Protein chains: 2
Amino acid sequence: MSHSNTEPRRDHPNVTPTGHEVLAGVLRIRANRLQALLWQRAKPPHPNRWSLPGGRLGPDETVEYSIRRQLAEKVDVRELTHVEQLSVFSSPDRIPGSRTVATAFLGLIPSDTDPELPDDTCWHPVDSLPETAFDHEGILLAARERLRAKLSYTNIGFALAPPKFTVSELRDIYSAALGYRVSATNLQRVLSRRGALEATGQTVAAGPSGGRPPALFRFTSRDLQITDAFAVLRPPG
Amino acid sequence: MSHSNTEPRRDHPNVTPTGHEVLAGVLRIRANRLQALLWQRAKPPHPNRWSLPGGRLGPDETVEYSIRRQLAEKVDVRELTHVEQLSVFSSPDRIPGSRTVATAFLGLIPSDTDPELPDDTCWHPVDSLPETAFDHEGILLAARERLRAKLSYTNIGFALAPPKFTVSELRDIYSAALGYRVSATNLQRVLSRRGALEATGQTVAAGPSGGRPPALFRFTSRDLQITDAFAVLRPPG
DNA sequence: GCAAAAGTGTTACACGTACACCCATGC
DNA sequence: GCATGGGTGTACGTGTAACACTTTTGC
């Protein structure tokens, strides 16, 4: 048996080159809905369909650098509060033309920012997407799944929420992302007890229909941390 | 602003082609240690160093198919009880020669099988690795981390354990994989309560030093399932 | 005062851990 | 009988869910 196929490149000069692209499902909450950033294709293939932002991997960049660079063409990078790898999509016929592998990412943007977008680009609710190009819908659903899972056991809410917020606003963000109503009472308790949330000491005025003026909270960290200490089979202690 | 870099290939005929390879950290438990499958390079680059199994992605296969095909050159595919994507390694200088992106996988093999291996290939304890090639040590450590995490909240033990086993044997498998001693008592209770484990009704003879003859158990499923129902912020019920 | 919204207290429940205790075998 | 390893019962700690109750505002 030979290991020729694990030897370094070069010795197979006529092998089919594989293109590589990076794509991101960029999500945010707006008007109590989870929205995704999409741009409408002008030219074939799939004209008029909606595509994820991204593009070809450059020769001297990592996939992480590449997706951030290419997202900067759509939105201000300072507004991207979280980016993480999802997985590789590699079906040979996932797009027409020469074979292209895609590394998919999840990107998040806070609900209070309203980035200027190119003319062909806008936000679409993830639960009623327009006709999407290629396998981009599957990538988007994978992004949503990853977000939903991490909302449960990490502090990833910081990436969707504004710097300061009331517990009600945070509940609406979590509810929209998860797709079901969460309780403000327990959300506050869970995140506080985990040390993910803290009060700023400030309050804002009550709404027009009255009610107690809500306090403003913030996330204690803007870096992703696993906060659910309930992983099992943990070391004896 | 242009979307030229998200257009399909072809329109950039002279872009640098990107090679793509697939690599797997294949793990098993033997003699109470977590071991990885490595083969020793004969030729440069990195002669004599140890490499992960894998190789170049073929033009008409997915990365999942490719890693299974290439692992079949090392071990019988029927022995591979679990394969999953880890992440993409894409540093431009991760290997010498033309630019190559790697999709990394975790592969698992049960502790009772002893596959015939090629001459240059053998098992190495993950906690005392030989000199590895390129970025393969990092990939291996990522594979171990993924395994350790999933042992806590999934039934992934099925992929490391033989078809039938005593709770003591299972405890040794979990202990070796996690790197600390787990309690057989609680391991049995946790996995049973989750519905991941069931008694076969059979028992085996006690050891030479006596003791009650242990019962044989099996995993109820050989497909990966998330068994930890303790994810929080779950829908109202 | 009353409705509305925010926030706290309390109880119930689920899960995992620790440890005492019982079981079945070899010698 | 006694040592040895297997297996069960029980108490406890911790974390979340559900819901009643109090607080603070607008009208």
Side-chain angles (χ1 to χ4, degrees), chain A residues 151-155 157 164-175 178 180-218 226-237, chain B residues 32 151-155 157 164-175 178 180-217 226-237:
Chain A
L151 281 173
S152 271
Y153 65 91
T154 73
N155 63 345
K164 298 175 181 179
F165 46 83
T166 68
V167 174
S168 285
E169 290 163 356
L170 192 64
R171 175 206 20 163
D172 291 340
I173 289 172
Y174 272 69
S175 298
L178 289 169
Y180 56 81
R181 205 81 190 137
V182 304
S183 142
T185 294
N186 293 329
L187 181 64
Q188 178 186 1
R189 199 191 316 262
V190 166
L191 294 181
S192 297
R193 191 147 48 190
R194 290 173 174 179
L197 212 61
E198 65 186 4
T200 63
Q202 303 166 298
T203 59
V204 295
S209 59
R212 175 170 168 175
L216 284 176
F217 291 79
R218 63 173 159 244
I226 294 180
T227 54
D228 184 5
F230 228 88
V232 295
L233 303 174
R234 53 178 173 275
Chain B
N32 286 334
L151 281 172
S152 272
Y153 65 91
T154 73
N155 64 344
K164 299 174 182 179
F165 46 84
T166 68
V167 174
S168 284
E169 290 163 357
L170 191 64
R171 173 202 20 145
D172 290 342
I173 289 172
Y174 273 68
S175 298
L178 289 170
Y180 55 81
R181 205 83 189 133
V182 303
S183 142
T185 295
N186 294 328
L187 182 64
Q188 178 187 357
R189 195 190 319 262
V190 166
L191 293 181
S192 298
R193 193 150 46 187
R194 291 173 174 179
L197 212 62
E198 66 186 2
T200 63
Q202 304 167 297
T203 58
V204 295
S209 58
R212 175 170 167 177
L216 284 176
F217 291 79
I226 294 180
T227 54
D228 182 6
F230 228 86
V232 295
L233 303 175
R234 53 178 172 275

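A, B, ... follow the sequence lines: proteins, then strands. Residue 1 opens every chain. Owing to the predicted nature of the structure, the values given are computational and were not obtained by experimental measurement.
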### Task
With axes from five pairs an end, tell me the bend angle of the helix from C/dG1-D/dC27 to C/dC27-D/dG1, nearest 10°.
20°
### Task
For B/A215, report the nucleic acid contact type (base, sugar-phosphate, nothing); a contact means any heavy atom under 4.0 Å.
sugar-phosphate
### Query
Of all the choices, C/dA6, D/dG5, D/dT16, which nucleotide is nearest to the side chain of B/S168 once you look at every atom?
D/dG5
### Message
Filter on salt bridge (Lys or Arg N to Asp or Glu O under 4.0 Å), then keep only pairs touching residues 200-218 of chain A, sequence neighbours left out; what's left?
### Response
A/E198-A/R218
### Query
With A/T203, which residues qualify under side-chain contact (heavy atoms from CB on, under 4.5 Å), at least two apart?
A/A215
### Query
With sequence neighbours excluded, what pairs up with A/F217 under the ring pair (Phe, Tyr, Trp, His ring centres under 6.0 Å) test?
none
### Message
So, using side-chain contact (heavy atoms from CB on, under 4.5 Å) as the criterion, who are the partners of A/R189 when residues are at least two apart?
### Response
A/T185, A/N186, A/R193
### Task
Under the ring pair (Phe, Tyr, Trp, His ring centres under 6.0 Å) rule, collect the residues that match up with A/F165, sequence neighbours excluded.
A/F219
### D/dT8 OP1/OP2 closer than 4.0 Å to side-chain N/O of B/Q188
yes
### Task
Using side chain to side chain donor-acceptor pair (under 3.5 Å) as the criterion, list what pairs up with B/S168, not counting sequence neighbours.
B/R171
### Query
Once you round it to whole Å, what is the distance between P of C/dA6 and CG of A/D172?
9 Å
### Query
Under the side-chain contact (heavy atoms from CB on, under 4.5 Å) test, which residues partner B/P213, sequence neighbours left out?
none
### Message
D/dG15, OP1 or OP2 - any side-chain N/O from A/R194 closer than 4.0 Å?
### Response
no
### Query
Which letters describe nucleotides 19-27 of chain C, given B = protein heavy atom under 4.0 Å from base, S = only from sugar-phosphate, - = neither?
B---BBBSS
